[in-house]
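Encoded as structure tokens, the structure appears first; notes follow it.
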There are 2 protein chains.
Amino acid sequence: MSNAWHEEMQAVAKSGGRVSDRDIADKVRHAVLMQRLPPGTKLPEITLGEVFGVSRSVVRKSLTRLASEHVIDQRPNQVARVRAPSVEETRETFDARRLVEGEIAAQLAGRLSPEALEALERQADLETEAFRGGDEPARIEHSLTLHHLLAEHSPNRVLGGMLTDLVLRTSIVVALYKRSGLASCYQEGQHGRLLRHLASGDAEAARGAIHDHLNGLEALLDLSPREARIDLMSILGHTPEQA
Amino acid sequence: MSNAWHEEMQAVAKSGGRVSDRDIADKVRHAVLMQRLPPGTKLPEITLGEVFGVSRSVVRKSLTRLASEHVIDQRPNQVARVRAPSVEETRETFDARRLVEGEIAAQLAGRLSPEALEALERQADLETEAFRGGDEPARIEHSLTLHHLLAEHSPNRVLGGMLTDLVLRTSIVVALYKRSGLASCYQEGQHGRLLRHLASGDAEAARGAIHDHLNGLEALLDLSPREARIDLMSILGHTPEQA
DNA sequence: TCTTCTTTTTTTGTATACAAAAAAAGGCCC
DNA sequence: GGGCCTTTTTTTGTATACAAAAAAAGAAGA
């Protein structure tokens, strides 16, 4: 294991107390989201267990969980690796999320309690603040929370669960394919516009706001010729961060 | 463990050779789908292991898998049980499936290869045959296969995966809430109509066919006052098939 | 007879040991 | 130097043992 990886994992491990499989999954997921564990990174059970101070049994459960969330790849008799979604899958993920989140926004329009709306607005404000302050990790967190709130408030819990999954998967591919020069994916006023339509109760306008928001986000990605590079990377087993 | 349950599981166990976690999950899922393991049924790890001839390690993995598919409920320190989706969740599942499968059908219209179309038609014919022959389990299998084929052929693999999940969940609630007098949920000519629109390339007609098909199916269910009964059952831990 | 508390049994959570498979390293020949 | 085979090491798959929690059974009292 390389030093960088090990140190990252040490930092990621819970300071004290017992850790559950959920804790480990949370930490690893977050590290992937924050691009501290790049695609292809190996996640051996023993190492993970040592870092978090638990045995393989617990680690195994968390890995299974992460695999079902499409965060890692888990093939029989092989070490789990951080997944590298292709550009094709990226487009498909956005497509699916437009459909699902658009529908949820439409269903939610005009049916949100004042408290829920206020909570959403608070998140939007926090995101803007973090952007103005140049704290991109915080901005991402706040943006994610906003969309997760949307999923939670969905009257249809099944659709809501699907959105939670899609928000995670989109975040991963955004982190992966963001144009290199780009400092932030913040889109001025977009969340505000969505919230206005949700409050006023215009379902189709809310759906449209979601579509525009996601189209804008997808447009900030570099989805051109990397395809081949990524595929070769995973096929040849070339891992960037460790031997 | 009651005799009925144990015998059912014996029957369900693979005849010979080693069994993987996937095998066990497949068998249990199928038994749930065929209503041979009613909601609330306990699935203790040791018993399952004994029946399939493997240790708890393997069983645990299969249970985790089934939980992520929403087939069973798995709470900390409690035995896994076959899930009993509420009527509310049933409606939400249908709603979600209408959205996703409708979109897939629309995207697929006019884009299916002749071979794919032929395979779909073969499944529809097999279903009709099984219905005419009065073999309901076989009819269900063929109907399921048809929708799974649709999911597989989806150009959007992410949406396809979501549909696979939703088809399973719908089947479970159909088995659970089917009106008691009803012999079959077969809907004359519906699959044929869908396939015609898929072949002719009329996207909105294909979407409409899916909507009608699912609405018709939902209408065959008894979604009235049981809500309370089911909830009490799971809350009070009253299990029908075993002590 | 019903309730409540205690004791026993069952069942899951976690760690660990050993076998099998895959990956890596080393040595060999060209 | 580069490719190929053998050996070693690493890593996962599975079974099992023991502790902790939950469920069930039993006993005592009203």
Side-chain angles (χ1 to χ4, degrees), chain A residues 1-2 5-6 9 13-14 16-25 28 40-68 72-83 233-243, chain B residues 1-2 5-6 9 13-14 16-25 28 40-68 72-83 233-243:
Chain A
M1 295 297 103
S2 82
W5 185 89
H6 206 269
M9 273 318 201
K14 223 178 178 178
R18 298 158 201 72
V19 288
S20 71
D21 59 290
R22 188 177 288 253
D23 294 325
I24 300 179
V28 173
T41 309
K42 289 185 187 175
L43 300 170
E45 298 176 358
I46 321 173
T47 319
L48 235 48
E50 283 170 2
V51 170
F52 285 95
V54 294
S55 82
R56 285 205 300 142
S57 332
V58 187
V59 173
R60 267 171 97 65
K61 204 166 180 177
S62 64
L63 288 180
T64 306
R65 185 189 287 278
L66 289 168
S68 83
I72 65 170
D73 252 344
Q74 217 182 7
R75 295 220 192 87
N77 291 319
Q78 282 182 235
V79 292
R81 304 170 99 102
V82 177
R83 239 170 74 89
M233 256 175 52
S234 58
I235 289 168
L236 301 179
H238 181 263
T239 55
E241 270 298 297
Q242 53 163 325
Chain B
M1 293 297 101
S2 81
W5 185 90
H6 206 268
M9 272 321 202
K14 223 177 177 178
R18 297 155 201 75
V19 288
S20 71
D21 61 289
R22 186 177 290 254
D23 294 325
I24 299 178
V28 173
T41 308
K42 290 184 184 175
L43 300 170
E45 299 175 357
I46 321 173
T47 319
L48 236 48
E50 283 169 2
V51 170
F52 285 96
V54 294
S55 83
R56 285 182 30 204
S57 332
V58 186
V59 173
R60 265 169 100 63
K61 204 166 181 178
S62 64
L63 288 179
T64 306
R65 184 189 289 278
L66 288 168
S68 84
I72 65 170
D73 252 345
Q74 217 182 7
R75 296 221 189 88
N77 291 320
Q78 282 182 237
V79 292
R81 302 171 102 103
V82 176
R83 238 169 75 89
M233 256 175 53
S234 58
I235 288 168
L236 301 179
H238 181 263
T239 55
E241 270 297 298
Q242 54 165 328

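Keep in mind it's a predicted model, so treat the numbers as computed, not measured. Throughout, protein chains are lettered first and strands after them, A, B, ... in sequence-line order, and every chain is numbered starting at 1.
A heavy-atom distance below 4.5 Å is not found between the side chains of B/L43 and B/L66.
Every residue meeting the side chain to side chain donor-acceptor pair (under 3.5 Å) condition with A/D21, not counting sequence neighbours, appears here in chain and number order: A/R65.
B/L63 pairs with exactly one of B/L48, B/I24, B/V28 by the side chain to side chain contact (heavy atoms under 4.5 Å, CB included) rule, that one being B/L48.
In this structure, B/R75 atom CZ and C/dT11 atom P are separated by 18 Å, rounded to whole Å. Taking atom CD1 of residue B/I24 and atom C1' of nucleotide D/dA15, one finds them 13 Å apart after rounding to whole Å. Atom-to-atom, CG of B/D73 to C1' of C/dT12 comes out at 16 Å; the value is rounded to the nearest Å. The nearest whole Å value for the distance from the CD atom in A/E50 to the P atom in C/dT14 is 18 Å. Rounded to an integer number of Å, the gap from CD of B/E45 to P of C/dT14 is 11 Å. In this structure, CG of B/D23 is placed 15 Å from C1' of D/dT14, rounded to the nearest angstrom. If you measure from atom CD1 of A/I46 to atom P of D/dT12, you get 6 Å, rounded to the nearest angstrom. Counting to the nearest Å, the P atom of C/dT12 and the NZ atom of A/K61 are 11 Å from each other.
Between A/R60 and D/dG13 there is a side-chain N or O to OP1 or OP2 distance below 4.0 Å.
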Considering only nitrogen or oxygen atoms on both sides, find all protein atoms under 3.5 Å from nucleotides 20-23 of chain D and state each distance.
from: D/dA21; atom 1: O3'; to: B/N77; atom 2: ND2; distance (Å): 3.4

Under 3.5 Å, which protein N or O atoms sit close to an N or O of nucleotides 16-18 of chain C? Give each pair with its distance.
from: C/dA17; atom 1: N6; to: A/R56; atom 2: NH2; distance (Å): 3.4

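Considering CD1 of A/I72 and CZ of A/R81, their distance stands at 11.5 Å, rounded to 0.5 Å.
Here the shortest heavy-atom pairing between B/S62 and B/A25 reads CB-N, 3.9 Å.
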Could you go through residues 73-80 of chain B and list every donor-acceptor pair under 3.5 Å that involves a side-chain atom there, pairing it with any protein atom two or more places apart or in another chain?
none

Side chains of residues 51-61 of chain B: which donor-acceptor partners sit under 3.5 Å, not counting sequence neighbours?
from: B/S55; atom 1: OG; to: B/S57; atom 2: N; distance (Å): 3.3
from: B/S55; atom 1: OG; to: B/S57; atom 2: OG; distance (Å): 3.0
from: B/R56; atom 1: NE; to: B/E45; atom 2: OE1; distance (Å): 2.9
from: B/R56; atom 1: NH2; to: B/E45; atom 2: OE1; distance (Å): 3.3
from: B/R60; atom 1: NH1; to: B/E45; atom 2: OE1; distance (Å): 3.4
from: B/R60; atom 1: NH1; to: B/E45; atom 2: OE2; distance (Å): 2.6

